[in-house]
K.L.:
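The structure under discussion is supplied below as structure tokens; questions concerning it will follow.
If you're wondering where the values come from, they're calculated on a predicted model, not measured in any experiment. In listed order, ligands and their atoms are each counted from 1. Values below: all heavy atoms of this structure, side chains included; hydrogens, waters and symmetry mates excluded.
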Amino acid sequence: MLKTSLLSATALLFVAPTFAQQSSTNAPAIVTAIRAGKLVDVDAGRVLSNQVIVIRDGKIESIGANPAIPAGAAVIDLSKMTVLPGLIDCHTHLADGDHDLNHDPFNQLRRSASTVALESVANARIFLEEGFTSVRDVGVYRALNDVALRDAINHGYFVGPRMFVAGAYITITGGAGAMTGAAADITLPLDLRYGEANSPWEARQKVRLLAHDGADHIKVLSTGAVLTHGSHPSSTEFTQEELNALVDEANHFGLRVEAHAHGAEGIKNAIRAGVASIEHAEMMDDEAFALAKQHGTYLDMDIYDEECIQEDGRLGLEPADFLEHDRELGELQRTNFTKAVKAGMKMSFGTDAGVCKYEYSSRRFAFMVKYGMTPMQAIQSATSNAADLLGKADLLGSLKAGKYADVIAVNGDPLTDIHVIEHVAFVMKEGKVYKNEPSK
Ligand SMILES: [Zn+2]
């Protein structure tokens with residue numbers, strides 16, 4: 001009963017007035033039609049004009065120039081706008097709380113898990129309003145906060161993107177995903193060391209635990225990190241044997257694995273083990289490119305983050321050892337991003353949101369174009385490619401009959417000016433309108 005009333009309250013609060021008025025019929029199915037002036041067909045890499053999308057019960061029923069609009073359908077007029085599939089960010093950290101408190105992970109110890117979880121409610125809302133209807137959330141310091149956030153959004157307690165979550169970081173003790181910095185005789189609570197593993201069998205055990213706890217995919221850290229005390233980005237963490245065991249175990253549960261990896265050896269070990277994507281991927285060498293091509297591994301390169309890390313450094317907000325780790329990595333990542341685009345690698349859109357403010361995520365599109373992608377490629381990285389990486393291409397990533405009605409719209413043409421996508425004016429997730437500000 002409580003759930004029902006919350007759901008309907010949410011619907012009333014966030015559905016655009018025209019939609020709410022026109023859909024208040026007694027018909028059992030909610031049917032909506034969107035008139036799209038321009039529509040980006042990301043699968044074919046083209047733009048169509050004057051399309052109509054018919055949506056029934058959250059999914060696209062039909063799409064085309066002249067589909068019959070069912071009697072009684074609510075009509076949403078986006079005929080002056082460019083309509084795109086909902087965006088998918090493949091590398092977020094929405095459940096770590098407020099960005100401003102997050103420069104040093106150790107700040108997590110100054111807040112309770114509940115405080116961090118409630119701070120994260122705002123992150124989810126910001127992301128959805130920016131046009132991200134789905135995210136692959138790739139790790140959280142307080143284990144399972146992301147599972148709770150995902151489930152609360154799905155229950156309709158508050159609004160946010162559809163989340164696919166990792167549950168915890170699988171990391172070596174003292175490694176990139178560990179909460180380091182405490183004195184040696186301090187024992188951290190379990191949720192802050194949940195995913196630590198130090199052998200092939202421990203890696204398997206952590207995968208089993210996270211699969212049971214509701215993880216949608218597995219995040220492993222195969223090198224050191226920029227934003228972790230006592231860790232270095234070029235160091236290799238986990239052996240090939242450990243990574244092979246982890247990926248094999250994840251496969252038993254149908255879970256894909258993403259690997260955080262800066263250094264070349266850690267990147268190559270993870271690719272050989274069979275991960276679905278390499279996160280960050282700064283120090284890709286020729287062999288790493290060849291292996292990724294051979295294995296069909298996605299590269300998820302967060303090339304905008306350098307701006308935020310260095311700016312925060314100038315403001316004195318970034319710990320000195322993090323800035324030292326970061327030196328030169330940013331430029332190397334951008335060079336290798338351009339190289340990857342030219343080499344035709346599989347590439348997805350990942351911001352590492354949390355490092356930059358949550359509302360900055362769309363700025364990455366212009367950087368991807370600046371460093372070699374066409375606007376269409378940048379959009380595909382956050383739609384069709386991202387859905388493929390998630391293994392959800394049957395439901396997400398493009399506007400096709402049978403898929404979720406995750407639809408956004410912008411004023412202007414993002415294919416001639418990619419910055420247009422930084423101002424999403426209309427957001428629909430699974431047939432429900434969450435934002436409708438056509439004049440923005
Ligand atoms: Zn990250």
Side-chain angles (χ1 to χ4, degrees), residues 88-99 101-105 107-108 116 120 123-124 127 132 135-143 145-146 149 161 163-172 175-180 192 194-195 215-229 231-233 237-238 256-263 266-267 270 275-283 298-309 312 318-319 322 325-326 329-330 333 337 347-358 360-361 364 367 381-382 386 389-390:
I88 305 169
D89 189 335
C90 295
H91 191 126
T92 65
H93 302 280
L94 298 189
D96 275 336
D98 190 334
H99 161 86
L101 297 171
N102 260 348
H103 300 291
D104 189 334
N107 281 326
Q108 294 280 333
V116 172
S120 302
N123 304 340
F127 247 70
F132 293 92
V135 299
R136 186 182 66 160
D137 203 78
V138 295
V140 61
Y141 287 110
R142 293 264 186 191
N145 261 13
D146 52 353
L149 191 65
M163 292 182 70
F164 299 97
V165 303
Y169 296 118
I170 299 188
T171 181
I172 63 169
M179 179 59 68
T180 56
L192 286 158
Y194 203 81
D216 299 301
H217 49 85
I218 297 294
K219 170 72 174 290
V220 66
L221 295 99
S222 75
T223 74
V226 172
L227 306 178
T228 306
H229 296 298
S231 171
H232 198 278
E237 298 184 351
F238 284 121
R256 297 185 177 201
V257 180
E258 62 273 3
H260 157 111
H262 299 293
I267 291 171
V275 301
S277 65
I278 299 291
E279 310 301 304
H280 314 298
E282 282 90 345
M283 298 182 222
Y298 270 93
L299 303 181
D300 201 50
M301 301 173 78
D302 48 337
I303 58 171
Y304 184 76
D305 284 356
E306 178 71 1
E307 303 297 301
C308 303
I309 293 171
D312 287 348
E318 206 71 72
F322 292 2
H325 295 160
D326 189 54
L329 267 190
Q333 189 188 37
F337 178 89
M347 302 189 69
S348 52
F349 180 101
T351 59
D352 212 357
V355 173
C356 288
K357 288 181 177 166
Y358 293 96
Y360 286 3
S361 297
R364 211 189 94 119
F367 262 64
S381 78
L389 171 54
L390 277 162

K.L.:
Does S277 reach the side chain of R256, with side-chain heavy atoms less than 4.5 Å apart?
P.N.:
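SC-SC contact between S277 and R256 ruled out.
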K.L.:
Give me the one residue out of H93, H280, H91 that meets ring pair (Phe, Tyr, Trp, His ring centres under 6.0 Å) with H260.
P.N.:
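In the set H93, H280, H91, the residue that makes a ring pair (Phe, Tyr, Trp, His ring centres under 6.0 Å) with H260 is H280.
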K.L.:
What's the count of protein N, O or S atoms under 2.8 Å from the Zn ion (ligand 1)?
P.N.:
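For the Zn ion (ligand 1), protein nitrogen, oxygen or sulfur atoms under 2.8 Å: 3.
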K.L.:
Restricting to side chain to side chain contact (heavy atoms under 4.5 Å, CB included), what partner residues turn up for A168, sequence neighbours left out?
P.N.:
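Side chain to side chain contact (heavy atoms under 4.5 Å, CB included) check on A168 returns A143, Y194, L210.
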K.L.:
Is it true that R136 and D300 have a side-chain N and a carboxylate O under 4.0 angstrom from each other?
P.N.:
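Result for this pair is yes, salt bridge flagged.
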K.L.:
Between P233 and V226, is any pair of side-chain heavy atoms under 4.5 Å apart?
P.N.:
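They are in side-chain contact.
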K.L.:
Could you tell me whether the side chain of D352 reaches within less than 4.5 Å of the side chain of Y304, counting heavy atoms only?
P.N.:
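Result no, sub-4.5 Å side-chain heavy-atom pair not found.
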